[in-house]
Protein chains: 2
Amino acid sequence: MKNPWTMKMEQFTAFSEGDRRRLDDLINAKQRKHGANEDIIADGTHSDYCHVLLTGLACRYKILPDGERQIMAFLVPGDLCDAEIFILKKMDHGVGTLTPSTTAMIHSDEMKRLLREVSSMSEALWWGTMTDLGVLRERIVDHGRRDATERIAHLLYEMLVRYRVVEKTTDDSLDFPITQTDLADATGLTPSHVNRVLQRFRDDGLIELRQRTLTITNPKRLKEIGQFNASYLHLDRTVADDPAIVGRVGDLL
Amino acid sequence: MKNPWTMKMEQFTAFSEGDRRRLDDLINAKQRKHGANEDIIADGTHSDYCHVLLTGLACRYKILPDGERQIMAFLVPGDLCDAEIFILKKMDHGVGTLTPSTTAMIHSDEMKRLLREVSSMSEALWWGTMTDLGVLRERIVDHGRRDATERIAHLLYEMLVRYRVVEKTTDDSLDFPITQTDLADATGLTPSHVNRVLQRFRDDGLIELRQRTLTITNPKRLKEIGQFNASYLHLDRTVADDPAIVGRVGDLL
DNA sequence: CGAGTTGTTGACGTCTTTCAACAAGTGTGG
DNA sequence: CCACACTTGTTGAAAGACGTCAACAACTCG
């Protein structure tokens, strides 16, 4: 069973059997367990290690002077938490878990070696960073020009797609440990309002959400409401080249 | 006189005299002039060239189905418009000018060669991309957790800092061709509301803004209102190593 | 000078927040 | 296995920020 990091990168690039083994070894070498709501890497700090999320759910966030939290991105298994750490002096935001999680720690020297010695590595890292940029830009559109209903619909649908890609869905259901408070912090709304919107989605037969399981009962409509357009996820290469993935997410795009 | 691209990268990295000449030649080789409100590279398209903004002002934007525009970032001279183009198949957003501008066009093959042959090039490109990520995240915080007044204050102050870095200010004044409509599209507000907020800033003696010139008359207060914290711009290396830049922006941070 | 863009202002509507109280769910220790 | 504490979810009423629409003024540029 492949590790999620390699899996993610292989959406975009191909590794030799040797490379794949090397990545596996690296992922297994040094791991760390985190409880829920713990920092993987704190705002303003530096680390000699890069962290790859292996299991669980994490987010990028900032805490404002008045104590409010803004979540800027959700991280799923396979995502790199801190690509910037071997370029920049310190983090300009925190990365923390939402559920108990495990991370692999890779020393930045080792990471640099990897970039030099594994030919497709640098390409894969660029691709990951570019899609991160795309996701952030889409979030700005969300916040700037979509109202609460559209914003939440968009976020839920994006999650469905992202989980489909990494094979973490059964039909249109996914494990969804994100609380309404988390959703509020991610969408820039209040928990009350998130609740009211979700309530309406339920009434309108768009979703079911209980016991940390989200089922999208009307994906087509949800996609419309959220004005979802997958181009910013840059799955085209993935989808074009890998029939298995087409099968999984093709109908959502 | 150095070209703004080299100048920007030298905030972070050092080039040899030879490298610098090579970059200069490249910048001069193929340039393009744009009028105001023209696309440098359109949403959904591909190009074999990377574009570096040399003069003028541009922005990253998306047009939504209902015709609304969301500006995700402002680009100033020295900024790379489309780093993604030699990794991704097509742009997931457009880059367009706000004022008449000139760009340098660099073929992506040439760009790849540069990355291989100029040792600090890849580092510089990473740094640029990482700070772009930082700016986008800050914009999300803006939209999610700051009200109209804070948001606009933050944006104006950020512009002051960015223009100070590239020596485009006189004292606390800068050329400011951004219309209130542009500001509205960038902040996710309506032009009317932007106008009212600016009006109040003027009444409160924070800024003067007329004839495309912005003067920050009370930078300290504006910084407070916008809850501005420069860490996301990652100027620390710049500031630490270059006394000239410390002199210019040190007091703003 | 005149057309088109940009800026300004007012009245009114509405989406979202605020605040507060309570219900339901979850996890831990006895 | 229950009890209790704590987190998470739900709901209502009222306030406020921001949007909408429309008209007009000021500015810019050919």
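Chain letters run A, B, ... following the sequence lines, proteins first and then strands; every chain starts at 1.
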List in chain and number order the residues that pass ring-ring contact (aromatic ring centres under 6.0 Å, His included) with B:F201, two or more places apart in sequence or in another chain; answer none if no residue qualifies. none
Residues passing the ring-ring contact (aromatic ring centres under 6.0 Å, His included) test with A:F74, sequence neighbours excluded, are none
Can you check the B:F176 CZ to C:dT6 C1' distance for me, whole Å? 14 Å
Looking just at side-chain N and O atoms, do B:T179 and B:D182 make a donor-acceptor pair shorter than 3.5 Å? yes
Side chain of A:S173, backbone of A:D171: donor and acceptor closer than 3.5 Å? no
Heavy-atom contacts under 4.0 Å between residues 145-154 of chain A and DNA chain C, which residues? A:D147, A:A148
Counting heavy atoms not belonging to B:R32, are there more than 12 under 6.0 Å from its CZ? yes
For the side chain of A:K90 and the backbone of B:H234, is there at least one donor-acceptor N/O pair under 3.5 Å apart? no
Is the backbone of A:R69 close enough, under 3.5 Å, to the side chain of B:R145 for a donor and an acceptor to pair up by distance? yes
Expected list for residues 193-207 of chain B near DNA chain D, using heavy atoms below 4.0 Å, is B:H193, B:R196
Inter-axis angle, terminal five-pair segments of the helix from C:dC1-D:dG30 to C:dG30-D:dC1 [nearest 10°]: 60°
Main-chain N/O of A:G205 paired to A:T217 side chain as donor or acceptor, under 3.5 Å: yes
Check side chain to side chain contact (heavy atoms under 4.5 Å, CB included) between B:T169 and all other residues, then give those that pass, not counting sequence neighbours. B:L160, B:Y163, B:R164, B:L174
With side chains defined as the heavy atoms from C-beta onward, is the minimum distance between A:D82 and A:V95 less than 4.5 Å? no
Indicate, with a heavy-atom threshold strictly under 4.0 Å, whether B:T190 touches base, sugar-phosphate, or nothing. base
Whole-Å gap separating P (D:dT10) and CZ (A:R210): 12 Å
A:G35 backbone acceptor or donor facing A:T97 side chain under 3.5 Å: yes
Interatomic distance where CG belongs to B:L214 and P belongs to C:dT6 [whole Å]: 18 Å
Show the distances under 3.5 angstrom between N or O atoms of the protein and N or O atoms of nucleotides 23-30 of chain D.
none

Is any side-chain heavy atom of A:V161 less than 4.5 Å from a side-chain heavy atom of A:L235? yes
Applying side chain to side chain contact (heavy atoms under 4.5 Å, CB included), name anything that partners A:R221, two or more places apart in sequence or on another chain. A:L206, A:N218, A:E224, A:I225
Rounded to whole Å, CG of A:L209 lies from P of C:dG25 at a distance of 13 Å
Could you point out which residue of B:D142, B:I71, B:L136 forms a side-chain contact (heavy atoms from CB on, under 4.5 Å) with A:I140? B:L136
Residues at least two apart in sequence or cross-chain that pass side-chain hydrogen bond (donor to acceptor under 3.5 Å, both in side chains) with B:K8, listed by chain then number, are B:D79
DNA chain D-proximal residues of residues 180-187 of chain A, any heavy atom under 4.0 Å: A:Q180, A:T181
Contacting residues from residues 60-69 of chain A, given that a heavy atom lies under 4.0 angstrom of DNA chain C: none
Please report the interatomic distance CG(A:L54) to CH2(A:W5), rounded to the nearest 0.5 Å. 10.0 Å
Contacts of type side chain to side chain contact (heavy atoms under 4.5 Å, CB included), residue A:N195, not counting sequence neighbours: A:Q180, A:Q199
Apply salt bridge (Lys or Arg N to Asp or Glu O under 4.0 Å) to the pair A:R146 and A:E138, showing each step before the final yes or no. CA-CA 11 Å; A:R146 295 204 255 255; A:E138 190 65 22; 2.7 Å; yes
